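Okay, so here's the structure we're looking at.
Scope of the values below: all heavy atoms of this structure, side chains included, with no hydrogens, waters or symmetry mates. We're numbering straight along the sequence, starting at 1. In this text the structure is predicted, and so the values were computed from the model without any measurement.
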Amino acid sequence: MTTAERQADVIVLGAGIVGVSAALHLQERGRNVLLVDRGEPGAETSHGNAGLIERASVVPYAFPRSLATLAAFASNRSIAVRYRPATLLRMAPWLARYWWNSAPDRLERLGRAILPLIERCIDEHRHWSKAAGTEALMRGEGWIELYRSRRGFQEAARAAEELASYDLAYDLLDEAALRAREPGLLPGIVAGAVHWRDPATVSDPGAVTRAYAALFTARGGQFLHADANCLEHDGAGWRLPAGAEGWRAPEAVVTLGPWSNDLCGRLGYRFPLAFKRGYHMHYAPAEGAVPRHPVCDVEAGFVLTPMARGIRLTTGIELAARDAPSDSWQLDRAERVARRLMPLGHRLDAEPWRGARPCLPDMLPVIGPASRHGGLWLAFGHAHHGFTLGPATGRLLAEMMVGQAPFCDPAPFAATRFQP
C-alpha cells in the first residue's frame with residue numbers, strides 16, 4: 001500500500017438501498033466500510049419506486065401464463081406492459097427462461113426461497129428508522145389494489161384467499177367500502193378492491209435511502225464519489241483509484257443494481273440481467289383529493305401514491321434497453337386513465353423520471369460470493385423489490401461475510417446458479 005492509498009475492510013460499490021443497507025449491516029458488525037457511488041445515495045432506482053415495503057408480495061412476479069393476457073400484451077397497447085420490438089427479440093432467450101421458471105411448481109419453490117426475506121422486510125427497515133429519523137416517512141396502513149371489472153375483483157378475491165396460509169391480513173372492499181377508505185376516488189369506476197394491510201409504505205423512498213446513508217456516515221463510515229468500474233483486483237485484494245487518493249480493501253461488494261454487469265463483465269462474469277423500466281411523475285392534488293394509501297389500478301397497470309412531493313403516478317413495465325431514450329407513451333396514457341379515477345392537478349416535474357428494475361430470469365436476486373475471486377461479494381437483481389428487500393439483503397450478506405449464521409438459507413441466491 002502506497003502513502004496515497006487508504007485502507008478499509010470492505011468497499012461497497014453502489015449507494016442504492018441495497019448498497020447502503022449492506023454498508024450499515026457490515027458497520028454494525030465491526031467492519032470499516034467505504035461506500036462508493038458516482039452520484040448521491042438513493043438517487044437512481046431506489047428513488048423512483050412507488051414507496052412500498054411489500055410484505056404481502058409472497059409470490060414472485062411471474063411471467064403471465066394466460067393466453068388472453070399474453071394476447072393483450074402482444075398488441076403493445078397495454079399500459080401495464082410496453083416493449084420495444086428490437087429489445088423483445090434480443091430478450092427472447094431471457095423471456096423463455098422467465099416463462100419456464102414461472103410454471104406453478106417452480107414458482108412455488110422460488111417463492112419459498114425468498115419468503116424469509118419478505119417476512120423480515122419491514123422489521124429490517126424499522127431496525128434503522130428511529131436512528132435515521134425516517135419514522136415520520138413510514139406509514140403502516142398497507143396499500144389497495146383496485147379492480148374495474150367484477151370478474152377481475154372475483155379472481156383477486158379467490159387469489160387472496162389462496163394466500164391464507166401466509167397469515168396475511170386483507171380486506172375485500174365493495175365500491176361503497178372502498179370509497180369510505182378512499183373518498184377522493186371518482187364514483188362509478190371500480191367494481192371492488194383488495195386492501196392489503198401488512199405492507200408498510202413511505203412518502204419518499206429516496207429520502208429514506210439518503211437518511212440511511214447519513215446514518216452510516218454519522219456512525220463513522222466513509223462515503224466517496226468515485227467510478228465503481230475502476231475497481232481493480234490484485235493478489236492483496238481490491239483497489240479503487242479515486243483521484244490523487246486511492247482505497248484498498250481485502251473485500252468488495254457489488255451492489256450496482258442495473259449497472260452490476262458493467263463491472264462484473266469486466267471481471268469475467270456475465271449474469272442474465274434484463275431490465276423492466278418504469279416511469280413516474282408527480283401531480284398536485286386537485287379538488288382536495290389525495291389518496292390515503294398507495295392505490296394500484298391492477299387492470300390498467302399503474303400506482304398512485306401520496307408522496308412528500310405530491311401524488312406520484314408510477315407506471316408498469318417497459319421492456320427496453322437500460323439506457324434507451326425515454327418514451328412517454330405509457331405515462332401519458334396512464335395519466336389519462338388516472339384522471340378518470342381520481343382528480344389530479346398539474347404536473348410538478350419538468351420531465352418524467354425513468355429507472356430500470358434489474359431482473360434475473362428466476363425472479364431471485366444474486367446474494368453471496370463470486371465464484372472466481374476471493375473477497376468479491378454480489379448483491380443485485382431484486383427486480384420489483386429492491387426497496388422492499390434492501391435492508392434484509394444487507395443483513396443476509398453481512399452475516400455471510402463475517403461468518404455469522406445467516407438468518408435464512410442463502411443457497412437459492414448463489415451466484416453459481418448462473419456462473420459456476
Side-chain angles (χ1 to χ4, degrees), residues 54-76 78 80-83 85 87-119 121 145 147 151-152 154-168 170 194 196 270-278 296 298-299 301 316-320 356-368 380-386 388-389 392-393 408-420:
E54 219 336 24
R55 171 62 183 86
S57 189
V58 295
V59 178
Y61 284 93
F63 193 101
R65 314 289 284 186
S66 161
L67 292 178
T69 301
L70 290 172
F73 291 163
S75 70
N76 212 17
S78 168
V81 178
R82 176 84 167 159
Y83 61 87
T87 302
L88 197 66
L89 289 173
R90 288 193 298 271
M91 287 183 66
W94 186 94
L95 290 168
R97 295 173 70 177
Y98 182 20
W99 176 86
W100 187 84
N101 281 305
S102 298
D105 58 338
R106 286 181 282 275
L107 187 65
E108 182 181 1
R109 174 177 53 82
L110 295 167
R112 288 197 305 270
I114 203 166
L115 182 61
L117 275 69
I118 295 287
E119 289 176 330
C121 64
E145 293 180 330
Y147 293 88
R151 179 178 178 182
Q154 291 172 344
E155 290 176 352
R158 286 194 294 270
E161 187 177 354
E162 290 173 0
L163 298 179
S165 62
Y166 294 97
D167 196 28
L168 297 174
Y170 66 91
V194 181
W196 296 100
R270 195 69 185 173
F271 294 92
L273 205 61
F275 310 105
K276 295 179 181 178
R277 304 202 319 179
C296 175
V298 175
E299 290 158 317
I317 295 165
E318 182 191 36
L319 299 177
R357 307 173 184 98
C359 304
L360 291 157
D362 62 359
M363 295 160 277
L364 300 181
V366 166
I367 307 172
F380 54 81
H382 291 76
H384 298 261
H385 289 146
T388 292
L389 297 181
T393 293
C408 71
D409 182 6
F413 314 116
T416 50
R417 70 190 198 270
F418 300 118
Q419 291 283 341

Atom [atom1] of [X] and atom [atom2] of [Y]: how far apart are they, to the nearest 0.5 Å?
X      : Y      : atom1 : atom2 : value
Tyr147 : Glu155 : OH    : CD    : 9.0 Å
Thr393 : His385 : OG1   : NE2   : 11.5 Å
Arg417 : Leu360 : CZ    : CG    : 6.0 Å
Thr87  : Glu318 : OG1   : CD    : 8.0 Å
Met91  : Arg97  : CE    : CZ    : 12.0 Å
Phe63  : Thr69  : CZ    : OG1   : 10.5 Å

Are the side chains of [Y] and [X] in contact, using a 4.5 Å heavy-atom criterion?
X      : Y      : result
Ile114 : Leu389 : yes
Glu119 : Val58  : no
Ile317 : His384 : yes
Pro60  : Asp362 : no

Might you point out which heavy atoms bring [X] and [Y] nearest each other, and give the distance in Å?
X      : Y      : result
Phe73  : Ala80  : CE2-CB, 4.3 Å
Ser57  : Ile118 : O-CD1, 3.6 Å
Leu364 : Pro412 : CD1-O, 3.7 Å
Ala156 : Val194 : CB-CG2, 4.1 Å
Tyr83  : Ala74  : OH-O, 2.7 Å

Can you tell me if [X] uses its side chain to pair, donor with acceptor, with the backbone of [Y] under 3.5 Å?
X      : Y      : result
Arg357 : Phe275 : no
Arg65  : Trp99  : yes
Tyr98  : Met363 : no
Ser102 : Ala62  : no
Thr388 : Glu54  : yes
Arg106 : Ala103 : no
Arg82  : Leu319 : no

### Query
Within a reach of under 6.0 Å around CG of Asp167, are more than 12 heavy atoms found that belong to other residues, nucleotides or ligands?
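No.
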### Query
Should the heavy atoms of other residues, nucleotides or ligands under 6.0 Å from CG of Leu89 be counted, would the total exceed 12?
yes
### Task
Start with the C-alpha gap between Trp94 and Cys359, add the side-chain angles, then the distance that decides, and say whether side chain to side chain contact (heavy atoms under 4.5 Å, CB included) holds.
CA-CA 10 Å; Trp94 186 94; Cys359 304; 3.8 Å; yes
### Message
Applying side chain to side chain contact (heavy atoms under 4.5 Å, CB included) to Leu88 and Leu95, what does each step give before you reach the verdict?
### Response
CA-CA 9 Å; Leu88 197 66; Leu95 290 168; 3.5 Å; yes
### Task
Assess whether side chain to side chain contact (heavy atoms under 4.5 Å, CB included) is satisfied between Phe413 and Leu117, documenting all intermediate values.
CA-CA 11 Å; Phe413 314 116; Leu117 275 69; 3.9 Å; yes
